[in-house]
Amino acid sequence: MSAADTILHRGLFTTLDRSHPTASAVAIKDGVFTAVGHDNDVMKLAGPSTRIIDLRGRRVLPGLIDNHLHIIRGGLNFNMELRWDGVRSLADAMGMLKRQVAITPPPQWVRIVGGFTEHQFVEKRLPTIDELNAAAPDTPVFILHLYDRAILNAAALRAVGYGKETPEPPGGEVVRDAKGNPTGLLLAKPNANILYATLAKGPKLPFDYQVNSTRHFMRELNRLGVTGAIDAGGGFQNYPDDYAVIQKLSDEGQLTIRLAYNLFTQKPKGEKDDFLNWTKTSKYKQGTEYFRHNGAGEMLVFSAADFEDFRVARPDMPREMEGELEEVVRVLVQNKWPWRLHATYDETISRSLDVFEKVNQDMPLKGLHWFFDHAETISDQSIDRIAALGGGIAVQHRMAYQGEYFVERYGIGAAEATPPVKKILDKGVKVSAGTDATRVASYNPWVSLSWLVTGRTVAGLRITPQRNCIDRETALRMWTENVTWFSNEEGKKGRIQVGELADLIVPDRDYFSCAEAEIADITSELTVVGGKIVYGASEFASLDEAAPPPAMPDWSPVRSFGGYGAWAEKGPARAARIQAAQFCGCANNCGVHGHDHARAWSSKLPVSDLKSFWGALGCACWAV
């Protein structure tokens, strides 16, 4: 065997290869693992030019793969967005907003586009429109909260041209004052199109800036240990025009995330024509190991799309759903294209399965890796029907962000298995995990892993009892090897195994031994994709090979705040928060308040025992 390009040794490798579950060293040659085993054996493959990395006993995991990420759309906009993902107080979030307003030139907007929930804030609320107007009297501010509402300040209302004569959108509401003027609050009831359409009115980055923006988004994902993703398409993401940036990066060898993409129809009543055209002009699996076609969806027909806003009642799909869905599915099966279908509720899933079973009678689905996305309220019967047809279920951690709303509407009992991940696993159905980022939830994979293991929302509410949670290894498999069935890449990646693509991460703490409360805080200190070091920090910083140039434009929020948790923020506010955590005497931070326990205890509450009160709400401050 020829000398390795890279050897990593003295590590604690979790391979997920059931025949060889652990190792201490690996060799990489031409982007694949050529040896996985003990140091003494693997080091024999070192040559004069082999790069040798001493891991000093650190845990190593396969690279994480997100089964549902809007990375193409997210990349085009990442540099324009102020991320409130992981920010623990509204006061801090508004401080970030004010700093960004101060440097954002006209006619640009300040945008906070999803990835957070009001429940993550200690204040348990969103900013008021008056607060936004005070913070930004002249700069348009657009805030998207999940897929339930958008908040616009007065400058943003002027920029989008909404006034007394603006008509009510179908399935949505422009909230108005007593005189009929828009207040700045837009509601999805339950159709979120008013939210998307309003956001689309904002300025866009020029092409070269979009290239830079996409690189920074990939960089942020690499920082969190993501090495691959399936892009689920998205509204206002047209093929092939909006794919030009990612195609350019692929052609130039600058992708640091392996990406499989699905094609998402954009025109109601024109869906069949879209797929007839695409099946003629595109070939399933076309592309490379870094950028390849993965079939259709998550939108197949608009009449089959339910909406994941648990603040409103479940929508009923129209009568024409089955006929329109059948037309498209027949086109896909005839061309042997797999598909993914967005479906939040079992009522939508069961009606879709009626169509799939009908098509299967004369056009067998066998061998097509089709699946449902989300499936929060899927029934036992529907799981069995999916199994019988050979389909899969891709779950995401939307309940970590909307669990409180679900409980408020349906009760804690209904939330205990929403979605029923453990039951799906026990029934042997193909299942994997992801985020559905960047709007309805954060792109941080560790929040999803924490939710799977602990059953808690980002605010700390326990919605999944222990009997319905899964162990850490199973959760990790759902983020690695299990995802490969959904992109038809089984045996190619997802494990640290000879012959598979050399994608791995070294997390900043041991995923298997750290406290459950710390899982969501994990980042990667070394991320390797195809044997190339695409992210390095701490002791591995000097090995980094893929750092992009500074974020463009120069006022980009990414320059000031980075991404999740405002990790790049500098200044006295961040220093104070870090110091509070360092001087806290507790073993673990609280999922609600971080290490700021005094803030929780000193809240004005009508209780005699503050610690017990916060404990009743799922807060860990009581245990300090």
Side-chain angles (χ1 to χ4, degrees), residues 81-97 111-128 131-132 143-151 220 224 308-311 396-408 415 435-464 516-523 557 561-567 569 573-574 577-578 580-581 588-597 599-600 603 614-615 617-622:
E81 295 174 354
L82 177 65
R83 304 302 306 182
W84 280 357
D85 307 39
V87 178
R88 287 299 184 181
S89 81
L90 179 60
D92 289 341
M94 288 299 291
M96 294 167 61
L97 173 67
R111 310 170 212 221
I112 298 97
V113 186
F116 77 101
T117 171
E118 63 179 323
H119 297 292
Q120 77 192 39
F121 297 144
V122 294
E123 298 89 343
K124 302 300 181 189
R125 68 175 181 89
L126 295 171
T128 66
E131 287 171 332
L132 292 185
I143 299 176
L144 177 68
H145 181 253
L146 308 173
Y147 273 160
D148 66 36
R149 64 194 55 213
I151 309 173
E220 170 71 350
L224 293 166
E308 64 280 14
D309 182 359
F310 299 132
R311 299 182 91 163
Q396 293 80 38
H397 68 320
R398 304 191 308 185
M399 284 290 285
Y401 290 82
Q402 299 190 68
E404 287 81 1
Y405 299 135
F406 189 94
V407 169
E408 182 179 347
T435 64
D436 196 8
T438 56
R439 295 179 178 176
V440 75
S442 178
Y443 50 76
N444 188 334
W446 303 103
V447 177
S448 171
L449 285 157
S450 175
W451 165 73
L452 288 166
V453 170
T454 69
R456 295 185 183 275
T457 69
V458 294
L461 176 66
R462 181 70 177 265
I463 56 174
T464 309
E516 281 190 351
E518 293 185 29
I519 294 174
D521 297 326
I522 293 175
T523 61
F561 302 104
Y564 187 89
W567 61 265
E569 183 184 15
R574 180 169 178 81
R577 289 198 296 275
I578 293 173
N588 302 304
N589 67 319
C590 164
V592 180
H593 306 101
H595 289 274
D596 197 358
H597 312 294
R599 184 179 202 164
S603 298
W614 283 113
L617 293 187
C619 160
C621 289
W622 66 276

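Owing to the predicted nature of the structure, the values given are computational and were not obtained by experimental measurement.
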Exercise for the section: Go through the structure and list residues passing side-chain contact (heavy atoms from CB on, under 4.5 Å) with T435, not counting sequence neighbours. Expected result: D66, L69, H397, A437, W479
Handout entry: With sequence neighbours excluded, residues passing side-chain contact (heavy atoms from CB on, under 4.5 Å) with Q396
Key = N67, H68, D373, H374, A394, R398, D436
Closest approach of [X] to [Y] (non-hydrogen atoms, all atoms of both residues):
X: V87; Y: Q120; answer: O-NE2, 2.9 Å
X: E123; Y: A91; answer: OE2-N, 3.1 Å
X: L132; Y: I143; answer: CD2-CD1, 3.7 Å
X: G115; Y: Y401; answer: O-CE2, 3.7 Å
X: F561; Y: L82; answer: CD1-CD1, 3.5 Å
X: A520; Y: N444; answer: O-ND2, 3.8 Å

Practice task
Using atom types as modelled and distance alone, determine if a side-chain donor or acceptor of S450 lies under 3.5 Å from a backbone N or O of W446.
Solution key: no
Exercise for the section: Taking E308 for its side chain and L146 for its backbone only, find out whether a donor-acceptor pair lies under 3.5 Å. Expected result: no
Handout entry: Sidechain N-carboxylate O distance under 4.0 Å for R83, E569
Key = no
Practice task
Could you note down all residue pairs passing salt bridge (Lys or Arg N to Asp or Glu O under 4.0 Å) where residues 441-453 supplies at least one of them, sequence neighbours left out?
Solution key: none
Under the rule for ring-ring contact (aromatic ring centres under 6.0 Å, His included), what residues qualify as partners of [X], not counting sequence neighbours?
X: Y564; answer: none
X: Y405; answer: H119
X: F310; answer: F406

Using a 4.5 Å cut-off on heavy atoms from C-beta on, say whether the side chain of [Y] contacts that of [X].
X: P127; Y: M94; result: yes
X: I463; Y: T457; result: yes
X: V113; Y: R439; result: yes

Practice task
Go through V453 and E516 one step at a time and tell me if the side chain to side chain contact (heavy atoms under 4.5 Å, CB included) criterion holds.
Solution key: CA-CA 8 Å; V453 170; E516 281 190 351; 3.9 Å; yes
Measure the [atom1]-[atom2] distance between [X] and [Y] for me, rounded to the nearest 0.5 Å.
X: D85; Y: T438; atom1: CG; atom2: OG1; answer: 8.0 Å
X: R456; Y: L461; atom1: CZ; atom2: CG; answer: 8.0 Å
X: D148; Y: Q402; atom1: CG; atom2: CD; answer: 7.0 Å

Handout entry: Audit row: F116, L144, side chain to side chain contact (heavy atoms under 4.5 Å, CB included) steps and yes/no
Key = CA-CA 9 Å; F116 77 101; L144 177 68; over 6 Å; no
Problem - Step-by-step side chain to side chain contact (heavy atoms under 4.5 Å, CB included) determination, W84 to M96 - result: CA-CA 9 Å; W84 280 357; M96 294 167 61; 4.2 Å; yes
Problem - CA sep, side-chain torsions, deciding dist, call: E131, R125, salt bridge (charged side-chain N to carboxylate O under 4.0 Å, His left out) - result: CA-CA 12 Å; E131 287 171 332; R125 68 175 181 89; 2.9 Å; yes
Exercise for the section: Given side chain to side chain contact (heavy atoms under 4.5 Å, CB included), test L126 with L90 step by step and report yes or no. Expected result: CA-CA 7 Å; L126 295 171; L90 179 60; over 6 Å; no
Exercise for the section: Tell me, with the steps shown, if E220 and Y443 meet side chain to side chain donor-acceptor pair (under 3.5 Å). Expected result: CA-CA 9 Å; E220 170 71 350; Y443 50 76; 2.8 Å; yes
Exercise for the section: Please test E404 against R462 for salt bridge (charged side-chain N to carboxylate O under 4.0 Å, His left out), starting from the C-alpha separation and ending with a verdict. Expected result: CA-CA 10 Å; E404 287 81 1; R462 181 70 177 265; over 6 Å; no
